[in-house]
Protein chains: 2
Amino acid sequence: MKPDALRGHLDALLLATLDGRQLHGYAIIEALQQGSGGALDLPTGTVYPALRRLERAGHVTSDWSTVGGRKRRTYRLTQAGQRALQAERSAWREFTTVIDGVLGGGGKWAQT
Amino acid sequence: MKPDALRGHLDALLLATLDGRQLHGYAIIEALQQGSGGALDLPTGTVYPALRRLERAGHVTSDWSTVGGRKRRTYRLTQAGQRALQAERSAWREFTTVIDGVLGGGGKWAQT
DNA sequence: CGTTCATAAGTAGCTGCCCTACATATAGCG
DNA sequence: CGCTATATGTAGGGCAGCTACTTATGAACG
């Protein structure tokens with residue numbers, strides 16, 4: 001999968017990954033890897049700044065902890081993040097519906 | 001729909017719109033508008049440069065014509081463009097499958 | 001005849017997301 | 001001691017798509 005296809009959908013992925021559980025950044029990357037069957041291998045330079053963005057936006061909050069001598073910043077959704085996730089999900093559904101319509105029915109098969 | 005969601009999928013839309021017919025730029029914009037039920041309203045500053053890109057890439061070719069005193073540059077798919085369209089379609093399918101999987105099953109419902 | 005709207009194509013410049021590459025630190029293994 | 005895995009982060013860049021503007025013709029309206 002070409003990497004820049006994610007453009008504009010990364011927030012949805014991160015919010016969905018944090019839905020119903022709290023994870024630290026590194027674990028989020030692994031969760032996305034496994035949850036996508038290996039298709040998504042996001043670099044830290046993509047995920048960490050994105051999490052900061054989401055925190056600034058009030059969609060997630062974070063707490064520091066130390067596990068086995070290593071510092072972790074554990075993220076969890078806020079209520080606003082929950083709402084944002086719902087909005088992202090419906091936006092995604094609308095988006096795919098539109099693109100599917102054009103890719104499948106926008107060409108010569110368009111029998112109005 | 002947020003505008004930058006298109007990132008990386010615009011080529012697919014343009015190729016699909018030209019599949020089986022030839023259209024000039026302005027008509028492509030209108031076709032996308034109608035084909036998407038009004039959801040896609042791409043500005044000329046997005047579409048025209050994208051068409052030039054596709055032409056440079058060899059996916060489309062263009063011919064000038066004059067209709068009613070107005071100059072039109074009419075585009076049509078090349079064979080490479082046809083192949084590119086097929087590739088874009090399958091890439092789109094893969095992409096949606098991955099994202100759908102994460103948005104729907106990447107959270108607390110992930111019962112491995 | 002002048003203004004405005006629809007048609008038609010295009011460029012210049014900006015923004016911002018995501019990527020590449022690098023820096024930092026600890027624990028465990030050999 | 002070096003290497004790998006774990007864990008977080010920044011700096012800088014590329015480029016796609018957007019905003020705003022320019023150019024040009026034909027038709028309609030007064």
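Protein chains get the first letters and strands the later ones, always in sequence-line order, with residue 1 at the start of each.
- Here the C1' atom of nucleotide D:dA16 and the CZ atom of B:Arg56 are 12 Å apart, to the nearest Å.
- As rounded to whole Å, 13 Å separates atom C1' of C:dC17 from atom NE2 of B:His9.
- Look at CD on B:Gln33: it is 10 Å from P on C:dT7, rounded to the nearest Å.
- Legend: salt bridge (Lys or Arg N to Asp or Glu O under 4.0 Å) pairs involving residues 76-88 of chain B, not counting sequence neighbours, sorted by first then second residue: A:Lys2-B:Glu88, B:Asp63-B:Arg76.
- In this view, B:Ala50 and B:Leu10, B:Leu14, B:Arg53 satisfy the side-chain contact (heavy atoms from CB on, under 4.5 Å) rule, not counting sequence neighbours.
- Straight-line distance from the CG atom of A:Leu54 to the C1' atom of C:dC18: 14 Å, rounded to whole Å.
- Residue pairs satisfying the ring pair (Phe, Tyr, Trp, His ring centres under 6.0 Å) criterion with at least one member in residues 8-55 of chain A, sequence neighbours excluded, are listed as follows: A:His9-A:Trp92, A:His9-A:Phe95, A:His9-B:Phe95.
- In the set D:dT19, C:dC18, D:dA16, the nucleotide with an atom closest to the side chain of B:Pro43 is D:dT19.
- Remark: P of C:dA9 and CG of B:Asp63 are 13 Å apart, rounded to the nearest angstrom.
- Here the C1' atom of nucleotide C:dC17 and the CZ atom of A:Arg7 are 4 Å apart, to the nearest Å.
- Listed by chain and residue number, B:Arg89, B:Ser90 satisfy the side-chain contact (heavy atoms from CB on, under 4.5 Å) test with B:Arg93 (two or more places apart in sequence, or in another chain).
- Here the C1' atom of nucleotide C:dA8 and the CD1 atom of B:Ile29 are 9 Å apart, to the nearest Å.
- At whole-Å resolution of the value, CG in B:Leu51 and C1' in D:dA16 are 14 Å apart.
- Scanning for side-chain contact (heavy atoms from CB on, under 4.5 Å) contacts around A:Ser36 gives A:Ala39, A:Leu40, B:Val98, B:Val102, with sequence neighbours left out.
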**Request:** Apply side chain to side chain contact (heavy atoms under 4.5 Å, CB included) to B:Ile99 and A:Thr96, showing your working.
**Result:** CA-CA 10 Å; B:Ile99 306 297; A:Thr96 53; over 6 Å; no

**Complete:** 5' to 3', nucleotides 6-11 of chain D under a 4.0 Å protein heavy-atom cut-off (B base, S sugar-phosphate only, - none) gives BBBBB-

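- Here B:Arg53 reaches the OP1 or OP2 of D:dA16: one of its side-chain N or O atoms lies under 4.0 Å away.
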